[in-house]
Amino acid sequence: MAVKIKLKRLGKIRSPHYRIVVADSRTRRDGRAIEEIGLYHPVQNPSRIEVDAERAAYWLGVGAQPTEPVLAILKKTGDWQKYKGEPAPAPLLVAEPKADHRSLFEAAAKDAGDEPKGEAITQKAKKSDKKDEAAEAAESTEA
């Protein structure tokens with residue numbers, strides 16, 4: 001029996017979260033699992049990754065094969081390097097929270113003030129001005 005370490009999908013349609021599970025390779029994606037060894041929440045900022053390092057090392061040691069997404073997660077946490085005997089990766093960087101768009105807009109509005117900066121570059125011509133110009137042009141051609 002081949003054993004895989006894979007992701008089990010949970011959550012709503014546009015807010016997925018996963019459990020890292022050890023399961024028989026023949027079971028379906030969200031089917032029965034032998035053991036749950038971690039969590040992965042990609043929608044959170046920064047992504048939440050929790051892996052039970054001891055259990056992951058045990059299952060890798062007895063021959064469980066990780067799928068590609070789980071392999072990437074294990075490389076980020078350093079469990080794969082520990083299993084292979086390679087040097088540990090650099091620690092994960094925590095991203096700074098993004099600024100609120102509304103507060104940025106309000107700050108820009110305060111700096112700009114309510115007064116317009118200047119007048120329009122091109123002046124709008126009034127219809128009566130156009131008629132006057134046309135009349136003057138007609139008079140100059142007659143003379």
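Every value quoted in this text rests on a predicted model; they were computed, and no experiment measured them.
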Are [X] and [Y] grouped together when hydrophobic residues (ILVMFWY) are joined by side-chain heavy atoms under 4.5 angstrom apart?
X   : Y   : value
V43 : I49 : no
Y18 : L10 : no
V21 : L39 : no

Residue pair [X] / [Y]: nearest heavy atoms and the distance that separates them:
X   : Y   : answer
A56 : V51 : CB-CG1, 4.1 Å
D24 : A2  : OD1-O, 3.1 Å
P42 : S47 : O-OG, 3.5 Å

Problem - Any pair counted as salt bridge (Lys or Arg N to Asp or Glu O under 4.0 Å), so long as it reaches residues 6-18, sequence neighbours left out - result: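 Non-adjacent pairs meeting salt bridge (Lys or Arg N to Asp or Glu O under 4.0 Å): zero.
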Exercise for the section: List for me each residue that meets side-chain hydrogen bond (donor to acceptor under 3.5 Å, both in side chains) alongside E35, sequence neighbours excluded, and say none if there are none. Expected result: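 Per chain and number, E35 pairs via side-chain hydrogen bond (donor to acceptor under 3.5 Å, both in side chains) with R55, W59.
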With rounding to the nearest 0.5 angstrom, report the [atom1] to [atom2] distance, [X] to [Y].
X   : Y   : atom1 : atom2 : result
H41 : R19 : NE2   : CZ    : 8.0 Å
T27 : K4  : OG1   : NZ    : 11.0 Å
K75 : K84 : NZ    : NZ    : 9.5 Å
L74 : K82 : CG    : NZ    : 11.0 Å

Problem - Beyond-backbone contact of V62 with V3, side-chain heavy atoms, under 4.5 angstrom - result: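 When only atoms from C-beta onward are counted, V3 and V62 do not touch, as no gap falls below 4.5 Å.
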Exercise for the section: Find out whether L60 and I5 are in side-chain contact, i.e. whether some heavy atom of one side chain is under 4.5 Å from a heavy atom of the other. Expected result: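 Yes, at least one pair of side-chain atoms sits under 4.5 Å.
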Exercise for the section: For residues 62-83, pull every pair meeting ring-ring contact (aromatic ring centres under 6.0 Å, His included), keeping only residues two or more places apart or in separate chains. Expected result: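 For residues 62-83: W80-Y83.
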Problem - Qualifying residue, where the test is side chain to side chain contact (heavy atoms under 4.5 Å, CB included) with I73 and the options are L7, D79, T67 - result: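 In the set L7, D79, T67, the residue that makes a side chain to side chain contact (heavy atoms under 4.5 Å, CB included) with I73 is L7.
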